[in-house]
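Inspection log for the structure reproduced underneath, given as structure tokens.
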Amino acid sequence: MKRWKILVVDDEPQNLRLMEIMLTPLGYDVHLAESGVMALQRIESITPDLILLDVMMPDMDGFQVLERLKNNDATRIIPIVMVTGLGDREDRLKGLEAGADDFVQKPVDATELKARVRSLLRVKAYQDLLLQGQEKLEREVARRTEQLSEALEEINRAAAAAEAANVLRGEFLANISHELRTPLNGIVGMTELVLSTDLTEEQQEYMEMVQKSADRLLDLIDKTLDFSEIETGVMALEPAPLEVSEWLDDIARMLLPKAMEKGVALNVSMDHNLPEWLIGDAVRLRQVLVNLAGNAIKFTEEGEVNIRISLESDDDGLNRLLFEIRDTGIGIPAEHQERIFDAFTQVDSSSTRRYEGIGLGLSLASRLVDMMNGRIGLESREGEGSRFWFSVPMAPK
Ligand code: ADP
């Protein structure tokens, strides 16, 4: 059990001695000080649990000591019993005001002293307990705070590392695709040259196969790079004025050979109320449209592919540009429609064999549309055909 430390302050040695005799048998650790100055020194070295403080002392009286103790954070909570002369009502009031906890009168009655000391020490015990709890809590809070800030630092470090890795990956992919594209462009160019010379039918056929494969490879590289640029946040839109009819003509010219080759009719139309000029990223818009229209042609064996651009009014009165691509092709089973815009999704692996591709086109299209704050969707019936559409908020020039 804790041995309570009591400091007795009195300028009269016999008073000190008396108190010591009264308190020591009770198991207290009694310390003595003969003046206010000595008391302050002792308090610093022993930190008593209770102080019995004489009021009347030369040099520094009890009130001055009391004031010092109550103005110091380290000693403020030590309970103080003031020892006053008989009937000193003024002193008691002054002491109460200065923060004294209790009083005993001289000559000190042993029983009363014991009772007061005991009751104050009981309060002090609770106070200590509370303080310990609070300190423990504060230590725990500090420990947790430190742990948290360490974890946060760790997260920040990891995020920075991931960011750096992402940038590196982006750069790596950009370099790789550049390195792949350069020789491939050589192959494409040379193939075209060879194809323009006199060839036997067999040679012509072989070279056309080379050309097709090279085109596919180029397309694949482009899609992969675009995809990684979107994933790493590198891709940015570049909106600029674009002339709609000319832009659409270009696209039609690009798609026509493929459609003709398959014997599929390609119809392109635009609403008469469409403005001539719009603001948009011509390259990315074309990419989405060509992707959807290219698929429509790819998955249609007979019939037609219709591309239409029109204006659509939103609920909130905003004008949107609506692109629709209808085909009379193989269609998409309902259970596949939901996931069709996810990366690397293909309807079934047997169709992959028949129609090459890696399932990046639609997810790329949907991400590009997202970047334009647009929407994308489809309706389709297996065996009857599909209608893909996307719409983007329109900013007229
Ligand atoms: P891929 O590069 O394989 O063409 P896409 O993301 O463009 O990738 O398309 C994913 C799959 O969605 C295709 O493999 C095909 O199964 C299906 N699909 C897309 N467009 C159509 C369409 N117009 N008609 C039928 N199936 C389609």
Side-chain angles (χ1 to χ4, degrees), residues 173 177 180-181 184 212-231 235 251-252 254-269 283-309 322-372 374-391:
L173 266 164
S177 82
L180 286 173
R181 225 181 292 184
L184 200 53
K212 240 182 228 159
S213 297
D215 282 347
R216 263 180 59 196
L217 199 52
L218 212 53
D219 181 56
L220 200 61
I221 291 169
D222 284 343
K223 277 184 181 154
T224 310
L225 182 67
D226 283 346
F227 198 77
S228 103
E229 277 192 357
I230 290 178
E231 291 280 278
M235 182 177 288
I251 291 173
M254 202 174 142
L255 293 168
L256 205 56
K258 191 93 205 169
M260 279 170 63
E261 192 184 302
K262 292 191 74 176
V264 171
L266 179 69
N267 307 309
V268 180
S269 69
V283 174
R284 297 305 172 193
L285 276 172
R286 182 180 59 207
Q287 195 175 351
V288 179
L289 185 52
V290 166
N291 225 310
L292 300 182
N295 276 349
I297 297 168
K298 180 158 125 186
F299 295 105
T300 302
E301 297 310 325
E302 60 182 37
E304 54 188 43
V305 169
N306 293 308
I307 300 175
R308 192 177 111 104
I309 309 181
L322 174 67
F323 300 77
E324 292 166 284
I325 303 95
R326 290 168 197 271
D327 66 56
T328 54
I330 61 171
I332 297 160
E335 67 268 25
H336 288 295
Q337 293 180 15
E338 208 169 291
R339 289 190 49 234
I340 200 119
F341 293 108
D342 295 350
F344 311 111
T345 310
Q346 290 189 315
V347 168
D348 74 74
S349 42
S350 63
S351 81
T352 318
R353 233 159 263 154
R354 196 142 61 95
Y355 307 99
E356 73 270 348
I358 52 163
L360 262 188
L362 286 182
S363 88
L364 199 57
S366 118
R367 279 159 206 242
L368 286 171
V369 170
D370 263 355
M371 281 178 74
M372 298 177 203
R375 302 171 192 153
I376 191 165
L378 80 146
E379 291 116 40
S380 182
R381 258 170 197 260
E382 207 177 350
E384 290 183 19
S386 314
R387 169 182 173 263
F388 277 84
W389 61 267
F390 68 100
S391 69

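For this chain, numbers begin at 1 and follow the sequence in order. Heavy atoms only: backbone and side chains are in, while hydrogens, waters and symmetry mates are out. All ligand and atom numbering here is 1-based and tracks the order in the structure.
In summary, Asp370 and Arg375 do not engage in a salt bridge, as defined by a charged side-chain N under 4.0 Å from a carboxylate O. Between Lys212 and Asp215 there is no salt bridge, since none of the side-chain N atoms of the basic residue sits less than 4.0 Å from a carboxylate O of the acidic one.
Under a 4.0 Å criterion applied to the non-hydrogen atoms of Leu362, ligand 1 contributes the atoms 5 (P), 6 (O), 7 (O), 9 (O), 12 (O), 19 (C). Under a 4.0 Å criterion applied to the non-hydrogen atoms of Phe388, ligand 1 contributes the atoms 20 (N), 21 (C), 22 (C), 23 (N). Near Ala296, with a cut-off below 4.0 Å to any heavy atom, the atoms of ligand 1 are 23 (N). Near Gly361, with a cut-off below 4.0 Å to any heavy atom, the atoms of ligand 1 are 5 (P), 6 (O), 7 (O), 8 (O). Distances below 4.0 Å separate heavy atoms of Ser386 from the following atoms of ligand 1: 24 (N).
Applying the salt bridge (charged side-chain N to carboxylate O under 4.0 Å, His left out) criterion to Arg286, with sequence neighbours excluded, gives no partner residue.
Side-chain N or O atoms of Lys258 include none that pairs as donor or acceptor with a backbone N or O of Ile297 at under 3.5 Å. A donor-acceptor pair under 3.5 Å is formed between the side chain of Thr328 and the backbone N or O of Glu304.
Contact annotation for Ile340 and ligand 1: only side-chain heavy atoms (C-beta onward) come within less than 4.0 Å of the ligand. By the criterion of a heavy-atom distance under 4.0 Å, the side chain of Ile332, and not its backbone, is placed next to ligand 1. Residue Asp327 touches ligand 1 through its side chain alone, judged by heavy-atom distances below 4.0 Å. At a heavy-atom cutoff of 4.0 Å, ligand 1 is contacted by the side chain of Lys298 but not by its backbone.
Note on ligand 1: Gly331 sits in its first shell, one or more heavy atoms being nearer than 4.0 Å.
Remark: the Gln287 side chain and the Asp226 side chain contain an N/O donor-acceptor pair separated by less than 3.5 Å.
Note on ring orientation: taking the six-membered ring where Trp is involved, the planes of Phe323 and Phe390 are parallel (angle under 30°, cut-offs 30° and 60°).
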